[in-house]
Trainee: 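Following this message is one structure expressed as structure tokens.
These values consider heavy atoms only, across backbone and side chains, with no hydrogens, waters or symmetry-generated copies.
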Amino acid sequence: MWWRKKPPRRLRIKNRLRNWNSFTALVLFALIACCWIPAAAGFGPPPVVLPTAGPGLSFTSLLPPLIAIVLALMLRQVIVSLFAGVFLGALIIGGWNPLAALFRTADHYLVGALASRDHASIIIFTLLLGGMTGIISRAGGAGGVVKLLGPLARTARSCQLAVWAMGLVIFFDDYANSLLVGSSMRPLSDRLKVSREKLAYIVDSTSAPVASVAVFSTWIGAEVGLIRDAFVAAGHQEDAYIALLKSIPYRFYPLLTLAFGFMVAVSGRDFSSMRLAERRARSGGGLVRPGATPLWDMGSDELSPLENRPQRWVTAVVPVLAVLFTAFAGLYLDGSRSLLREGVTAHSFGAAIGAADSYRVLLWASLVGCLSAALMAVGQRILNLVETMESMMSGVRAMLNALVVLLLAWSLGQVCTELGTADYILSLAGEAIDPRLLPALIFIIAGAVSFATGTSWGTMSILIPLAIPLAIKMSLAAGLSPEVSETVLLGAISSVLAGSVFGDHCSPISDTTILSSMAASSDHIDHVRTQLPYALVVGATALVVGDIPSAFGLPPLVSLIAGIAVLALLLRLVGRRVE
């Protein structure tokens with residue numbers, strides 16, 4: 001009745017969202033039913049047993065990643081959203097037969113994602129690192145690190161700066177960076193009431209960006225190979241590795257992202273949803289949002305330190321150093337062996353790193369780290385053998401939720417490949433433009449492709465063979481001077497690499513974004529929501545201040561300085577400190 005008191009506004013909004021989620025689920029069920037009934041009655045095209053090619057370039061190729069991203073942001077249920085995207089893609093490819101699509105989701109896409117050697121290596125690497133972290137946490141190593149760094153990082157600001165600096169140190173691989181930095185620094189950030197969303201952002205902002213601009217890393221081999229093949233196809237005579245090094249100053253997004261992460265950590269200023277998360281954590285409202293579901297729950301009793309056992313920092317530091325040493329040494333030795341097979345006897349350290357099989361080396365490193373953690377726990381008599389194995393399995397079990405998300409994200413990437421999502425996005429861009437605007441256009445396209453597919457490496461593989469010949473041909477057709485043509489070419493190369501990182505940084509279906517959420521023990525969608533405004537601000541600055549002016553002759557160093565100044569001014573005007 002009209003005289004009854006209305007419920008509070010917050011409760012009314014919450015009820016509306018709950019009803020909206022129910023309505024969304026009802027609509028999805030109705031759509032599936034509408035497709036199922038005609039198929040069950042024998043109407044419509046027959047199912048495709050094993051889809052190998054998409055139905056052509058059309059807007060439908062955008063629907064699976066678009067549905068997955070929209071549902072993830074609305075429902076905050078990333079597993080359900082990713083599964084819906086994979087199922088919708090299988091439905092489109094399989095002739096709109098829901099039963100066949102359901103079966104193909106399992107026996108083709110999920111199995112295919114798991115059967116990939118690279119994916120299997122990442123899964124085993126992640127499980128072994130989870131086991132290592134479980135042993136370290138149970139043996140009190142994490143508590144020892146907190147005691148060690150406590151006098152150095154006494155405030156939330158200094159803690160964030162320490163996380164950022166540690167992210168720069170582990171520059172050789174983005175996966176190792178995300179897992180090692182997040183899991184190692186989480187106990188300290190929890191103690192100083194830094195929100196898990198903020199920890200995940202700093203980790204994510206130093207993983208792929210620093211690996212993509214490092215002079216030698218696990219990215220170098222793939223990047224040099226793609227550029228070399230594109231140069232050969234276009235008839236361009238230049239060393240691919242030298243061209244890659246020349247393009248580093250033009251990679252504005254990764255460089256500005258690293259600078260912006262430093263500014264955020266040092267200033268203690270935040271804006272948008274990140275500021276709300278930080279205010280919640282500092283005021284005692286919780287390190288994660290009430291009702292959130294962290295991808296990696298390290299707060300369980302199975303992983304808490306045992307009582308009356310010593311908590312020593314060496315228990316955690318030795319396994320981490322073992323991982324780093326094994327990774328560095330393994331990359332060099334494996335790369336050197338690969339070059340020797342090709343007849344290259346004299347080579348640099350960077351060339352060896354680029355020629356290494358990074359997935360194989362990461363497996364070695366994670367195995368050594370897990371064994372080192374077990375030896376440290378048993379050797380110091382902190383844990384016995386049974387307790388060590390139980391701790392390791394607890395750490396492995398804590399990873400399962402995140403691995404399911406990774407598996408579904410890879411499956412969605414395969415769906416996008418078969419539907420031709422990247423080719424469709426690329427076809428939307430015309431070629432009738434000034435060649436000097438090409439780097440900016442390529443950055444936008446690479447960001448869109450990477451965001452939709454959730455993979456930076458896949459985006460580079462698709463766009464570099466197209467972008468390099470396009471830049472060379474358009475520069476020749478426009479009659480540009482050799483100096484300007486080289487600037488356009490370097491801008492095109494750097495825009496593909498930087499745009500791939502930008503889209504991968506924003507996308508909720510990106511593997512590095514998922515790993516950052518997992519390592520920081522953050523709710524994945526909360527991490528995406530809080531990181532997205534920062535990534536968009538840096539991306540817009542990189543485009544307007546970096547890609548466009550540098551293509552018209554402004555030195556890249558000047559563009560970088562101007563971009564840093566713009567971001568610092570914006571953070572000063574919009575950002576607020578959370579006491």
Side-chain angles (χ1 to χ4, degrees), residues 24-25 27-36 39 44-45 47-114 116 119 404-428 445-459 461-462 503-504 506-511 513-514 524-525 528:
T24 305
V27 170
L28 289 175
F29 178 77
L31 289 175
I32 294 173
C34 289
C35 297
W36 191 294
V48 179
V49 176
L50 188 61
T52 56
L57 299 180
S58 67
F59 178 74
T60 54
S61 63
L62 289 177
L63 291 179
L66 190 62
I67 289 295
I69 292 169
V70 170
L71 288 180
L73 295 176
M74 286 175 52
L75 304 180
R76 296 190 177 184
Q77 292 292 329
V78 64
I79 292 179
V80 174
S81 304
L82 286 173
F83 184 84
V86 177
F87 175 75
L88 178 60
L91 199 64
I92 296 172
I93 295 174
W96 298 98
N97 188 320
L99 187 60
L102 184 64
F103 292 158
R104 293 298 80 80
T105 299
D107 65 16
H108 178 59
Y109 294 108
L110 291 177
V111 171
L114 190 61
S116 167
H119 293 171
V404 171
V405 175
L406 269 179
L407 191 62
L408 287 171
W410 289 330
S411 302
L412 185 58
Q414 180 62 29
V415 166
C416 293
T417 300
E418 295 184 4
L419 286 173
T421 302
D423 295 332
Y424 176 71
I425 296 175
L426 188 63
S427 69
L428 297 177
I445 294 174
V449 172
S450 183
F451 182 83
T453 59
T455 168
S456 53
W457 284 45
T459 303
S461 301
I462 294 168
D504 185 74
C506 298
S507 178
I509 61 176
S510 161
D511 47 7
T513 306
I514 294 168
H524 181 56
I525 302 304
V528 174

Trainee: First locate atom CH2 of W410, then atom CD1 of I509, and finally report the distance between them rounded to the nearest 0.5 Å.
Mentor: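 The CH2 atom of W410 sits 13.5 Å away from the CD1 atom of I509.
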
Trainee: Counting distance only, does the side-chain N/O of S450 pair as donor-acceptor with the main-chain N or O of A446 below 3.5 Å?
Mentor: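 Checking the backbone N and O of A446 against the side chain of S450, no donor-acceptor pair under 3.5 Å is found.
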
Trainee: If only atom types and distance count, is the side chain of S507 paired as donor or acceptor with the main-chain N or O of G503 below 3.5 Å?
Mentor: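 It does not hold such a pair.
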
Trainee: Roughly how far apart are R104 CZ and N97 CG, rounded to 0.5 Å?
Mentor: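 Reported to 0.5 Å precision, the distance equals 9.5 Å.
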
Trainee: Who are the side chain to side chain donor-acceptor pair (under 3.5 Å) partners of S510, not counting sequence neighbours?
Mentor: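 S510: side chain to side chain donor-acceptor pair (under 3.5 Å) contacts with D504, T512, T513.
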
Trainee: Can you list the residues that meet the side chain to side chain contact (heavy atoms under 4.5 Å, CB included) rule with P65, with sequence neighbours excluded?
Mentor: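 Only C416, T421, A452 meet the side chain to side chain contact (heavy atoms under 4.5 Å, CB included) criterion with P65.
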
Trainee: Which atom names give the shortest non-hydrogen contact between A68 and G85, and what distance separates them?
Mentor: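 Between these two residues, the closest heavy atoms are CB-CA, 4.2 Å.
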
Trainee: Determine the minimum heavy-atom distance between V528 and C506, stating which atoms define it.
Mentor: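 Result for this residue pair: CG1-O, 3.8 Å.
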
Trainee: Grab the two heavy atoms, one from L412 and one from L82, that are nearest each other, plus how far apart they are.
Mentor: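 So the two residues come closest at CD2-CD2, 4.0 Å.
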
Trainee: Of all heavy-atom pairs between I92 and L419, which one has the smallest distance, and what is that distance?
Mentor: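 Scanning both residues, the minimum pair turns out to be CG2-CD2, 3.9 Å.
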
Trainee: Which heavy atom in L91 sits nearest to a heavy atom in P98, and how many Å separate them?
Mentor: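 Here L91 and P98 meet closest at CD1-CA, 3.4 Å.
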
Trainee: Do E418 and Y109 come close enough that some side-chain heavy atom pair is under 4.5 Å?
Mentor: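 Of all side-chain heavy-atom pairs linking Y109 with E418, at least one is under 4.5 Å.
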
Trainee: For V86 versus L408, what's the shortest heavy-atom pair and its separation?
Mentor: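 So the two residues come closest at CG2-O, 3.7 Å.
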
